[in-house]
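On a predicted model such as this, the values are computed, not experimentally measured, just so you know.
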Amino acid sequence: EIYSLSLHDALPIWWHGRYADAHRAAEEAVALFERSDAQGADLATTLHMRAIIEDDLGNGAATSATEDLAIAIGERAFGARHPSVANFWGTKGNGLRRIGRFEESRAAHLRSLEIIEAVHGPESMLAGDTLVNLATVDLDENKYADAIPRLERALAIVEKAVGADHGRTGLVVERLGSALSNVGRNAEAEAALRRAIAIHRARIGPQPNRRTAHQRATRHHRLLAQRRSHRRSPARRLVPHGRHGQDGRRRLFLHRRTL
């Protein structure tokens, strides 16, 4: 009987900022796949999730090391130019940036961008996001002049994809304004930052109704608690999924979610 291993138990923990608990759940899932299929795509994907959690924990060295494993397995399982491998490179770049290894971080993000542009196109939203990641490395290294053209290109992509008044556009404009300020282009910087403030203010709207927000949050957490009461640890909860794969062998499948 084929089984599907669900990480749905770990994801809500991660979403609520309980990164240490989510990391333990991801480690259990990694250990299971290491025993069942040490070179499989599911292990690479699960390692990637562990790396994301490690990045949220602020452990850049662990993030980079975990993604090294994911990349090595993923390139064999998916192919070196697969979109999933691009994601692995991107998270590796984030981890390296955290520990000040800027050149290696930049190289990782450039590799991610190369794959994304080949698969999704140079004007895709994923390309825009990766350009922002590259610009963030530049900003952290005080290379503001290098960050500006990356952010300008990212802004053009994001505006086209989601609109000039979208919150994601506002975030790119905000970073662009910061970079412009640091190279002395003060009038442009002020215009960009004023625009970013206007976008964020329009998105947030008036002062939220705190009572309504509290009621919605309470209802959400109650439903979440009900779901959790029916679940066990993700590394031990095996859910029947079918009988056999196309080749007749038993398999383990990881439930995937875009992170």
Side-chain angles (χ1 to χ4, degrees), residues 11-19 22 48-49 51-53 55-58 63 83 86-87 89-91 93-95 97-98 105 109 112-113 116-117 119-140 144 146-183 185-221 223-224 257-259:
L11 287 171
I13 300 172
W14 174 52
W15 289 334
H16 284 80
R18 292 168 52 194
Y19 300 132
H48 175 55
M49 180 175 179
I52 290 172
I53 298 168
D55 189 43
D56 285 332
L57 286 166
T63 301
N87 293 337
W89 279 109
T91 306
N94 292 339
R97 179 183 61 80
R98 282 188 179 275
S105 174
H109 285 304
S112 178
L113 182 62
I116 287 168
E117 288 181 333
V119 175
H120 299 288
E123 302 301 314
S124 66
M125 192 66 178
L126 289 173
D129 291 340
T130 307
L131 286 163
V132 172
N133 289 336
L134 276 163
T136 302
V137 178
D138 295 330
L139 292 172
D140 282 2
Y144 305 110
D146 293 339
I148 289 170
R150 298 192 202 277
L151 289 169
E152 288 175 335
R153 181 184 164 196
L155 178 58
I157 292 171
V158 173
E159 280 185 315
K160 183 177 179 180
V162 299
D165 298 323
H166 195 276
R168 293 181 72 173
T169 302
L171 292 173
V172 181
V173 173
E174 184 179 333
R175 293 194 184 190
L176 178 58
S178 175
L180 290 166
S181 176
N182 278 283
V183 296
R185 293 165 60 177
N186 296 327
E188 295 170 88
E190 182 176 354
L193 292 171
R194 285 185 181 278
R195 181 188 172 193
I197 291 169
I199 293 171
H200 295 323
R201 183 174 291 160
R203 298 288 297 176
I204 295 171
Q207 181 70 22
N209 185 318
R210 293 184 179 182
R211 181 178 179 182
T212 301
H214 177 73
Q215 289 173 341
R216 288 176 179 173
T218 300
R219 183 165 59 252
H220 169 75
H221 287 293
L223 290 171
L224 183 62
R257 181 183 182 91
T258 302
L259 302 174

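- Side chains of L171 and H200 form a contact here, defined as non-hydrogen atoms less than 4.5 Å apart.
- Screening residues 162-173 for side chain to side chain donor-acceptor pair (under 3.5 Å) gives D129-R168 as the qualifying pairs, with residues at least two apart or on separate chains.
- In this structure, T136 contributes its side chain and V132 its backbone to a donor-acceptor pair below 3.5 Å.
- Considering every non-hydrogen atom in both A189 and S181, the closest pair reads CB-N, 3.4 Å.
- Residues S112 and A86 share a closest heavy-atom pair of OG-O, 2.9 Å.
- Between L139 and Y144 the shortest heavy-atom distance is CD2-CD2, 3.6 Å.
- Residues forming a side-chain hydrogen bond (donor to acceptor under 3.5 Å, both in side chains) with S178 (at least two apart in sequence, or on another chain): none.
- Rounding to the nearest 0.5 Å gives a distance of 12.5 Å between CG of L155 and CD1 of I148.
- Using a 4.5 Å heavy-atom cutoff, the side chains of T63 and R98 are not in contact.
- Applying salt bridge (charged side-chain N to carboxylate O under 4.0 Å, His left out) to R195 and the options E190, E159, E188 leaves one that passes, E159.
- Here the CG atom belonging to L57 is positioned 12.5 Å from the CD1 atom belonging to I52, to the nearest 0.5 angstrom.
- Between I197 atom CD1 and E174 atom CD the span is 8.0 Å, to the nearest 0.5 Å.
- Looking at V137, N133, D138 one by one, the single match for side chain to side chain contact (heavy atoms under 4.5 Å, CB included) with R150 turns out to be D138.
- Considering all non-hydrogen atoms of both residues, A192 and G177 come closest at CB-CA, 3.7 Å.
- For the atom pair CD1 of I157 and OG1 of T130, the computed distance is 9.0 Å after rounding to the nearest 0.5 Å.
- The CD1 atom of I116 sits 10.0 Å away from the NE2 atom of H109 when rounded to the nearest 0.5 Å.
- Taken from NZ in K160 to CE in M125, the straight-line distance is 13.0 Å, to the nearest 0.5 Å.
- The closest side-chain heavy-atom distance from L131 to L151 is not below 4.5 Å.
- Nearest heavy atom pair, residue I199 against residue A164, reads CD1-O, 3.5 Å.
- Scanning both residues, G121 and A127, for their nearest heavy atoms gives O-CB, 3.9 Å.
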